[in-house]
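Each residue takes its place number in the sequence, starting with 1.
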Amino acid sequence: MTIAPEPRTTPAGLPGTEPRADTESVGTVLLALLANLVIAVAKLVAGLISGSAAMLSEAAHSFADTVTEVFLYVALRRGGKPADEEHPFGYGKESYVWAFIAALFTFVGGAGFSIYHGVGTIVSGEGAGEYLWSYVVLAVSFVAEGTSFLRARRQVHEESRRWNVTASRFLRLTPDTTVKAVFFEDSAALIGLLVAGAGLGLAQLTGAELFDGLASIVIGLLLLVVAFVLARSNVSLLVGRAVPRRVHNQIAADLRSIPVVTAVPTLLTMQIGPGDILVAAKVDFDDEVPGKEIEAASDEAERRLRERYPEIRYVFLDPTRGVPGRDHIDGGLDR
């Protein structure tokens with residue numbers, strides 16, 4: 001039995017995305033894009049003037065982040081398209097495709113250049129030259145990146161409070177990979193700026209360009225970690241990730257609470273978009289109940305599930321034989 005989707009109207013107790021959060025995610029991405037573009041140009045100029053490997057790596061980092069934000073903006077717009085006959089479950093998963101491409105670009109464009117240039121600086125031993133411009137740009141960049149980070153951090157904390165989970169758990173479980181990407185990239189950017197500043201300071205104090213090159217390599221490794229975390233998250237969602245275990249068990253309990261339901265032997269869930277969930281379940285109805293009551297019970301199941309979790313867009317219930325009281329619990333994402 002298929003239950004068609006209805007418009008969502010109220011928030012639910014699950015880390016997800018609703019219209020207000022979508023709008024805020026767009027604002028978060030656009031602010032990060034503008035900040036990274038301005039910072040990238042400033043770092044590039046300072047890097048060319050000073051010859052610092054760390055500064056040039058930071059420029060590559062910011063340019064990579066700028067392109068990444070473009071991909072994330074496309075992810076938000078493309079993933080929000082409504083369902084049609086060609087894509088009956090909507091375009092939500094396309095947002096994960098673009099977010100995955102963004103993670104790959106961070107890996108290749110940012111991390112690859114930073115590590116390569118850092119190794120080159122250590123081997124050649126070329127000096128960083130003028131340091132003043134680099135310090136000025138690093139300071140200004142820290143303020144700009146910090147502004148973008150604070151907005152992303154505020155959104156993460158607001159959403160985590162709304163869903164009654166910790167911020168770290170929200171970042172692990174949220175299907176809104178755009179705000180997750182901005183948060184991690186801005187965090188990496190702030191750490192990278194501190195590393196670049198430390199590398200330049202040590203190179204200036206000791207006269208050894210080894211520290212400048214090492215700073216560049218550390219920045220590259222930092223980007224590798226961020227790219228890996230984001231890529232793995234998007235791959236999991238593309239493959240078809242289930243909802244968190246707590247939500248899975250609550251859905252099973254809501255189905256089981258229908259008077260004519262004797263068991264829910266199989267319950268499958270899938271995140272089909274940043275704010276859309278599919279539920280498919282094999283349900284054992286009381287053998288003595290007529291078809292009319294089974295239809296009414298299915299409508300009641302739909303109402304209860306959507307009332308608790310408006311992100312649930314599709315519900316498929318398959319009447320099947322089962323063992324009374326034996327329900328599919330403790331499924332879903334165990335994190």
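- Judged purely by atom type and a 3.5 angstrom limit, N234 uses its side chain to pair as donor or acceptor with the backbone of L230.
- Summarising the geometry of V261 relative to V264, their closest heavy-atom pair is CG1-CG2, 4.2 Å, with the distance given to 0.1 Å.
- Contact detail for H328 and L267: the closest heavy-atom pair is ND1-N, 2.9 Å.
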Run the side chain to side chain donor-acceptor pair (under 3.5 Å) check on D84 and Y91 step by step: do they pass? CA-CA 9 Å; D84 52 33; Y91 290 78; 2.6 Å; yes
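- With rounding to the nearest 0.5 Å, the separation of CG in L173 from OG1 in T166 is 8.5 Å.
- Among residues two or more places apart in sequence or in another chain, the salt bridge (charged side-chain N to carboxylate O under 4.0 Å, His left out) test is passed with E300 by R303, R304.
- Two residues are said to be in side-chain contact when any heavy atoms from C-beta on lie closer than 4.5 Å; P274 and Y96 meet this criterion.
- Looking at every heavy atom in both residues, K43 comes nearest to S62 through NZ-OG, 2.9 Å.
- Other residues, nucleotides and ligands contribute only 12 or fewer heavy atoms inside 6.0 Å of the OH atom of Y116.
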Enumerate donor-acceptor pairs with a distance under 3.5 Å from any side-chain N or O in residues 182-206 to protein atoms, sequence neighbours excluded.
| residue | atom | partner | partner atom | Å |
| --- | --- | --- | --- | --- |
| D186 | OD2 | S148 | OG | 2.6 |
| D186 | OD2 | F149 | N | 3.4 |
| S187 | OG | F183 | O | 2.8 |
| Q204 | OE1 | Y135 | OH | 2.7 |
| T206 | OG1 | L202 | O | 2.6 |
| T206 | OG1 | A208 | N | 3.2 |

Audit row: L104, F100, side-chain contact (heavy atoms from CB on, under 4.5 Å) steps and yes/no: CA-CA 6 Å; L104 289 182; F100 179 71; 3.5 Å; yes
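- The closest donor-acceptor contact from the side chain of S216 to the backbone of D212 lies at 3.5 Å or more, if one exists at all.
- Counting only distance, with no hydrogens or angles, the side chain of K93 and the backbone of L238 share a donor-acceptor pair below 3.5 Å.
- To the nearest 0.5 Å, atoms CG (L150) and NE2 (H157) are separated by 10.0 Å.
- At a threshold of 4.5 Å between non-hydrogen side-chain atoms, the residues S298 and E295 do not count as touching.
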Where do I251 and V279 land on the side-chain contact (heavy atoms from CB on, under 4.5 Å) test, with the steps shown first? CA-CA 9 Å; I251 292 173; V279 175; 4.1 Å; yes
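- The CG atom of L222 sits 10.5 Å away from atom CD1 of I115, with the distance rounded to the nearest 0.5 Å.
- Between Y314 and F316, the two ring planes are parallel [angle under 30°; tilted spans 30° to 60°].
- Counted by atom type alone, T178 and D176 present one or more donor-acceptor pairs between their side chains at under 3.5 Å.
- A donor-acceptor contact closer than 3.5 angstrom links the side chains of S233 and K180.
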Using the side-chain contact (heavy atoms from CB on, under 4.5 Å) rule, take V235 and R232 through it: C-alpha gap first, then chi angles, then the decisive distance, then the call. CA-CA 5 Å; V235 167; R232 189 174 74 164; 5.8 Å; no
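- Side chains of L278 and L268 form no contact here, defined as non-hydrogen atoms less than 4.5 Å apart.
- Here the side chains of L223 and S114 are in contact, with some heavy-atom distance below 4.5 Å.
- Using modelled atom types, no side-chain atom of S95 and backbone atom of L76 make a donor-acceptor pair closer than 3.5 Å.
- In this structure, CZ in F285 is found 10.5 Å from OG1 in T320, a value given to the nearest 0.5 Å.
- One finds the CD1 atom of I219 at 12.5 Å from the CG atom of L224 (value rounded to the nearest 0.5 Å).
- Checked by atom type and distance alone, the side chain of R245 pairs as donor or acceptor with a backbone atom of D330 at under 3.5 Å.
- The CG atom of L305 sits 4.5 Å away from the CD1 atom of I312 when rounded to the nearest 0.5 Å.
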Please step through side-chain contact (heavy atoms from CB on, under 4.5 Å) for the pair Q250 and D254, ending with a clear verdict. CA-CA 6 Å; Q250 185 62 61; D254 284 345; 3.2 Å; yes
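- In terms of heavy atoms, V179 sits closest to A152 at CG2-O, 4.4 Å.
- When all heavy atoms of D327 and A263 are compared, the pair lying nearest together is OD1-CA, 3.2 Å.
- For the side-chain hydrogen bond (donor to acceptor under 3.5 Å, both in side chains) test, residues two or more places apart in sequence or in another chain that qualify with D284 are T262.
- Nearest heavy-atom pair across R241 and L333 is NE-CD2, 3.8 Å.
- With S160 contributing its side chain and V156 its backbone, the two residues share a donor-acceptor pair below 3.5 Å.
- In terms of modelled atom types and a separation under 3.5 Å, the side chain of T269 and the main chain of V243 share a donor-acceptor contact.
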